[in-house]
Chemist: 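Take this structure first; my questions come after.
On a predicted model such as this, the values are computed, not experimentally measured, just so you know.
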Amino acid sequence: MNSNTTWRNLRNIGVIAHVDAGKTTTTERILFYTGENHRIGEVHDGATTMDFDPQERARGITIHSAATTVHWHGTQINLIDTPGHIDFNIEVKRSLRVLDGAVVVFDGVAGVEPQTETNWRLADDYRVPRIAFVNKLDRLGADFGRVVAMMRERLGTNAVPVQLPIGAEGDFRGVVDLLAMHALVWDHDDASAPPRVTAIPPELLDAAHAARARLVEAVVERDDALLDAWLRGESPSVDALRAGVRAATLAGAMVPVLAGSAFRNRGVEPLLDAVVAYLPAPGEAPGAAPLDGALSALAFKLTADDHGAMVFVRVYSGSLRRGDTVFNASTGQAERVARLYEIHADRRVERDALVAGDIAGVVGLKDVLTGHTLAATRNAPVLESIAVPEAVIDVAIEPRQQSGAAALSKGLSVLVREDPSLRLRQDPDSGQTLLSGMGELQLEVAVEKLRSRFGVDVAVGRPQVAYRETISAAAEVRHVHRKQSGGPGQFAELTLRIAPLGRGEGFRFSTTVVGGAIPREFIPAVEAGIRRAAQAGPFAGYPLVDFEATLVDGSAHVRDSSALAFELAAAHALREAVLNAAPVVLEPVMAVEVVTPAEALGDVIGDLLRRRGHVQGQDARGTAVVVTAHVPLAQMFGYIGQLRALSSGRAQFTMQLSHHAEVPARVALAA
């Protein structure tokens with residue numbers, strides 16, 4: 001943050017949306033209007049500022065969250081553009097974790113789409129105040145009122161328009177400002193031409209007065225003084241109304257909704273005004289910690305290049321200076337800050353210091369990972385970390401020449417440090433290295449990075465479903481680990497009870513051992529042995545999930561017992577117990593949304609049913625039909641080709657993980 005920037009004129013915001021809602025186009029317009037860019041970069045030209053990675057430009061999508069800093073009418077805005085594709089959802093998660101507010105972009109035709117809904121729930125989890133921008137209102141089939149209604153119905157939010165569109169589809173030319181009660185009209189698509197302020201068109205006056213009345217009612221019901229005046233027939237001033245909208249937005253009681261077409265340069269300036277007017281400064285968001293005090297910062301993203309690793313941090317309190325020695329409160333290790341950078345997409349501006357509220361890059365930190373806390377003292381409180389989504393798909397990966405093994409190992413190590421939603425493991429049967437992720441696109445991007453960044457020519461197996469295994473009954477076993485082969489022996493005895501947990505609950509460990517039957521220092525080794533054995537379950541070799549393990553009893557030998565002996569005993573006991581606990585295999589089930597022409601609806605539904613899908617519902621969207629279904633991931637490989645064939649190339653689909661379910665006994669696992 002610049003020295004002349006105060007808390008009141010700093011905003012840390014993210015731009016989030018479903019893929020293709022126009023999020024990056026909106027961000028590029030923000031860069032232009034704030035003077036950060038002197039020309040507009042277009043996604044279709046591969047010339048955007050925020051999508052600067054070669055793969056992003058080649059694919060025309062956002063893959064990495066990109067940060068930049070802009071200024072609007074005296075307010076500094078630290079802005080993060082996030083991906084819309086579900087495969088890169090970790091980027092949205094870690095961005096929302098450190099942001100104070102968000103702009104959610106909606107497609108004016110499609111409305112609330114699956115990834116918008118997922119991102120909205122994430123913003124709910126992190127209590128991030130947000131404003132909505134209904135984009136693409138110049139498109140055929142765009143309907144502002146329908147999108148607002150979808151927001152209320154599907155997102156359960158109090159979406160309140162603060163603007164109404166003037167004109168529809170190809171005739172969209174401006175907005176009605178419901179606070180000031182005037183019109184903003186863009187006579188041309190030229191981004192350099194400001195809107196013309198004029199009277200509200202007569203045909204929209206009744207609708208504008210009705211919409212303003214609803215806006216005023218939503219504001220005054222939260223403010224006793226305004227409510228009393230309103231009941232006496234007094235109308236709130238524009239300033240009072242704006243302050244009321246801000247208070248309701250910060251409290252999460254309202255989401256102001258704006259209208260526009262970013263591609264046609266209509267509605268972006270009022271959107272920037274709304275960011276300043278309604279979204280919080282640091283310390284104003286719900287549950288925000290005090291800004292003063294000792295250093296407390298969260299590492300939320302890592303990148304590595306030829307110059308070393310850069311850690312992106314959000315400073316919550318205190319300050320951070322170049323050359324400081326700080327502590328990683330998550331590990332207790334000391335770290336030295338070599339350099340600090342303000343980030344402008346792919347450009348860096350060196351800084352001497354960071355203060356509370358800043359989002360910036362730090363170079364020099366050796367062992368800091370995503371979710372770690374940086375603090376002034378070793379034992380400082382640890383900030384809430386960042387939940388990592390579960391991997392659902394694997395590929396086997398190996399170098400084509402043995403000489404590339406070292407480079408592959410280094411490249412994979414860097415990739416999983418940068419993206420914690422990528423996982424590495426060894427197949428227990430084949431010994432192959434398996435790279436796991438959230439979808440085929442994410443793994444394709446990772447493999448391309450290995451080739452382009454690390455120069456590794458890799459052979460990649462076809463994608464496989466990342467199955468899990470679990471138990472469906474309880475079991476208890478007693479196991480004795482005894483080994484005597486000259487010298488000190490090994491001895492550990494324990495009784496282990498396991499029981500199933502609900503889907504998604506993971507693993508829990510507890511102990512009921514009393515009286516020192518097992519020395520306290522060996523208990524962590526028992527848990528470690530269980531965790532190690534659970535990495536490859538004994539039933540089908542897949543990771544074991546959703547179970548509870550209880551150490552019931554045991555005994556130790558005064559000389560021959562050790563942590564290693566108890567770790568080995570626990571691993572053997574778990575494997576034996578699982579086989580006695582009715583083990584089952586779980587498969588990822590995807591929430592699929594298909595948008596299809598009505599004439600292909602029957603064929604699309606029939607095909608989903610053949611894929612073991614369960615259709616959840618269908619809705620009209622303009623001239624198309626939206627089908628929602630739950631389908632096992634194993635049945636979705638190659639789906640896009642079949643869908644195009646069924647619909648003459650006109651249908652499209654999106655999917656994201658819904659839940660894990662037991663694989664039916666009659667179904668063979670995808671090999």
Chemist: Identify, with sequence neighbours excluded, every residue that meets side chain to side chain contact (heavy atoms under 4.5 Å, CB included) alongside A277.
Modeler: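 Checked A277 against side chain to side chain contact (heavy atoms under 4.5 Å, CB included); matches are R242.
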Chemist: Could you give me the CA-CA distance, side-chain angles and deciding distance for R97 and L383, then say whether side-chain contact (heavy atoms from CB on, under 4.5 Å) is met?
Modeler: CA-CA 11 Å; R97 171 64 184 83; L383 296 169; 3.9 Å; yes
Chemist: Would you mind listing every salt bridge (Lys or Arg N to Asp or Glu O under 4.0 Å) that reaches into residues 364-385, with sequence neighbours excluded?
Modeler: none
Chemist: If we only count heavy atoms from C-beta on, is the L412 to V416 side-chain gap below 4.5 Å?
Modeler: no
Chemist: Quick one: salt bridge (charged side-chain N to carboxylate O under 4.0 Å, His left out) partners of K93, sequence neighbours excluded?
Modeler: none
Chemist: Using side-chain heavy atoms (C-beta onward) and a distance below 4.5 Å, is L215 in contact with V245?
Modeler: yes
Chemist: With sequence neighbours left out, what residues match T654 under side chain to side chain contact (heavy atoms under 4.5 Å, CB included)?
Modeler: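 Per chain and number, T654 pairs via side chain to side chain contact (heavy atoms under 4.5 Å, CB included) with H18, P114, E593.
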Chemist: Would you please name every residue forming a side chain to side chain contact (heavy atoms under 4.5 Å, CB included) with A338, sequence neighbours left out?
Modeler: none
Chemist: Would you kindly say whether D419 and S421 are connected by a side-chain donor-acceptor distance under 3.5 Å?
Modeler: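 Yes.
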Chemist: Sort and list the pairs that fulfil side-chain hydrogen bond (donor to acceptor under 3.5 Å, both in side chains) and have at least one residue in residues 248-261, not counting sequence neighbours.
Modeler: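 Every pair satisfying side-chain hydrogen bond (donor to acceptor under 3.5 Å, both in side chains) with a residue in residues 248-261: D138-S261.
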Chemist: Sub-3.5 Å donor-acceptor pair from the side chain of E448 to the main-chain atoms of E444, do we have one?
Modeler: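 No, the answer is negative, given that no donor and acceptor are paired below the 3.5 Å cut-off.
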Chemist: Would you say L320 and V326 make side-chain contact, with heavy atoms under 4.5 Å?
Modeler: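 Heavy-atom side-chain distance check passes, below 4.5 Å.
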Chemist: Q333: which residues meet the side-chain hydrogen bond (donor to acceptor under 3.5 Å, both in side chains) condition with it, sequence neighbours left out?
Modeler: none
Chemist: Between K23 and D81, is there a side-chain N and carboxylate O pair less than 4.0 Å apart?
Modeler: yes
Chemist: Using the test side-chain hydrogen bond (donor to acceptor under 3.5 Å, both in side chains), find all partners of D273 that sit at least two apart in sequence or belong to another chain.
Modeler: W72
Chemist: Answer yes or no for R348 and Y341: cation-pi contact, defined as NZ/CZ to six-membered ring centre under 6.0 Å and angle to ring axis within 45°.
Modeler: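 Flagged: R348 positioned over aromatic ring of Y341.
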Chemist: For L298, which of T373, V315, V382 qualifies under side chain to side chain contact (heavy atoms under 4.5 Å, CB included)?
Modeler: T373
Chemist: Applying salt bridge (charged side-chain N to carboxylate O under 4.0 Å, His left out), name anything that partners R417, two or more places apart in sequence or on another chain.
Modeler: none
Chemist: Identify, with sequence neighbours excluded, every residue that meets side chain to side chain contact (heavy atoms under 4.5 Å, CB included) alongside P420.
Modeler: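 Here the qualifying residues are I90, R94, T370, V388.
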Chemist: For D100, what residues pass the side-chain hydrogen bond (donor to acceptor under 3.5 Å, both in side chains) criterion, not counting sequence neighbours?
Modeler: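 D100 satisfies side-chain hydrogen bond (donor to acceptor under 3.5 Å, both in side chains) with N12, R314 once adjacent residues are dropped.
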Chemist: E117 and N119: side-chain donor and acceptor closer than 3.5 Å?
Modeler: no
Chemist: A side-chain contact here means heavy atoms from C-beta on lying under 4.5 Å apart; do V313 and V311 qualify?
Modeler: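 Yes, at least one pair of side-chain atoms sits under 4.5 Å.
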Chemist: Please check if any side-chain donor atom of R29 sits under 3.5 Å from a side-chain acceptor atom of N265, or the reverse.
Modeler: yes
Chemist: Would you call R246 and E284 a salt bridge, taking side-chain N to carboxylate O under 4.0 Å as the test?
Modeler: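 Between E284 and R246 there is a salt bridge, with a charged N closer than 4.0 Å to a carboxylate O.
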Chemist: Name all residues meeting the side-chain hydrogen bond (donor to acceptor under 3.5 Å, both in side chains) criterion together with R321; count only those two or more places apart in sequence or in a different chain, and write none if there are none.
Modeler: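 By the side-chain hydrogen bond (donor to acceptor under 3.5 Å, both in side chains) rule, R321 matches no residue at all.
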